[in-house]
Amino acid sequence: MPVALHVVDHPLIADSLTRVRDKDTPNAMFRQELERIGTLLMAEATRGLTTHAVSVPTPLTETTGRQLTTQPIVVPVLRAGLGFLHAAQELLPNADVGFIGVARDESTHQPVPYVNKLPESLAARQCIVLDPMLATGGSLAHTCRLLIERGATGTIIVVCVLAAPEGIELLRKAKLDLAIYTAALDERLNDTAFIVPGLGDAGDRQFGSPA
Ligand code: PRP
């Protein structure tokens, strides 16, 4: 089962990413720029969704259009993933939303789950996971396992801003079937498992420190 990594090369993403990385960007602007990146990444990430032909009456005649065949389910990973939710709902207004809460333990860097609010069955649903940061990959692997437990099959789409090579490696070893859309693949993790050069803590930069 493959992990396909798509680093989306787009001038508007690059432009926003510069402000998102900048430590002097205020939280309000950080959220705004994150959302812009989310919109652009979502457009790429949803390119493969299935559509079918439908008949549509224009004011002049009858023609053929296309409609999404099924609605995906969007899953933001709390807290930082909430920064992509508005963008995802703007593009997929009829998609259901499930919530996963995972906090990374600061000393072990292991994911500590605290919310699981998913539909009973995800069979035949295209899942789109939103989490700006893919660092060790532990939070994403945990989230994907919860989706699979609920019946998700096939490729899970993941939208993030930054990915670290160490996280991609962990997901490959976990044999997850993923299509990851990211604004950048960064260099590495530091000793505290933060992405370098990175952008800091995407949750804190949107919502402030919880401590
Ligand atoms: C961050 C980030 C990811 C996770 C990535 O969340 O938003 O969910 O860490 O790290 P990993 O790939 O090593 O698991 P954090 O635990 O800081 O929570 P927050 O979103 O509430 O800030």
Side-chain angles (χ1 to χ4, degrees), residues 3-7 16-17 20-21 23 25-28 30-35 37-38 41-42 45 74-88 97-118 127-148 156-211:
V3 172
L5 182 67
H6 305 271
V7 180
S16 283
L17 182 59
V20 158
R21 285 194 192 275
K23 67 178 175 50
T25 296
N27 288 7
F30 182 93
R31 289 194 301 271
Q32 219 170 30
E33 298 291 358
L34 195 67
E35 187 171 323
I37 294 174
L41 289 176
M42 278 292 296
V74 175
V75 182
V77 179
L78 307 179
R79 293 173 302 161
L82 291 176
F84 280 163
L85 182 57
H86 184 246
V97 180
F99 295 88
I100 296 296
V102 194
R104 202 173 66 162
D105 183 288
E106 281 179 18
S107 48
T108 65
H109 309 140
Q110 293 303 303
V112 181
Y114 63 91
V115 172
N116 180 351
K117 208 74 183 156
L118 295 171
C127 297
I128 304 179
V129 176
L130 311 177
D131 192 345
M133 308 299 275
L134 198 176
T136 67
S139 302
L140 183 57
H142 167 80
T143 299
C144 292
R145 287 191 189 107
L146 294 178
L147 299 177
I148 292 165
I156 295 173
I157 295 173
V158 178
V159 178
C160 57
V161 172
L162 298 182
E166 293 89 335
I168 302 294
E169 184 59 22
L170 179 137
L171 297 166
R172 289 205 164 116
K173 283 190 179 144
K175 301 204 180 307
L176 291 163
D177 183 357
L178 305 177
I180 299 171
Y181 292 82
T182 185
L185 176 64
D186 268 9
E187 287 168 29
R188 61 185 170 85
L189 298 180
N190 68 10
D191 293 344
T192 51
F194 267 67
I195 299 175
V196 179
L199 55 80
D201 185 314
D204 289 2
R205 292 196 64 188
Q206 291 178 77
F207 308 115
S209 169

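Order of listing sets the numbers, starting from 1, for every ligand and every atom in it. For this chain, numbers begin at 1 and follow the sequence in order. Every heavy atom of this structure was used, including side-chain atoms; hydrogens, water molecules and symmetry mates were not.
With R104 contributing its side chain and A193 its backbone, the two residues share a donor-acceptor pair below 3.5 Å. The backbone N or O of N27 lies less than 3.5 Å from no partner atom in the side chain of Q206, so there is not a single donor-acceptor pair. Panel note: side chain T182, backbone V161; a donor-acceptor pair is recorded below 3.5 Å.
Considering every non-hydrogen atom in both L34 and G83, the closest pair reads CD2-CA, 4.1 Å. Smallest separation of non-hydrogen atoms from A163 and C160: CB-SG, 4.4 Å.
Every protein residue with a heavy atom nearer than 4.0 Å to ligand 1 is included here: L78, R79, A80, V102, A103, R104, D131, M133, L134, A135, T136, G137, G138, S139, D201, G203.
In this view, R205 satisfies the side chain to side chain donor-acceptor pair (under 3.5 Å) rule with no residue, not counting sequence neighbours.
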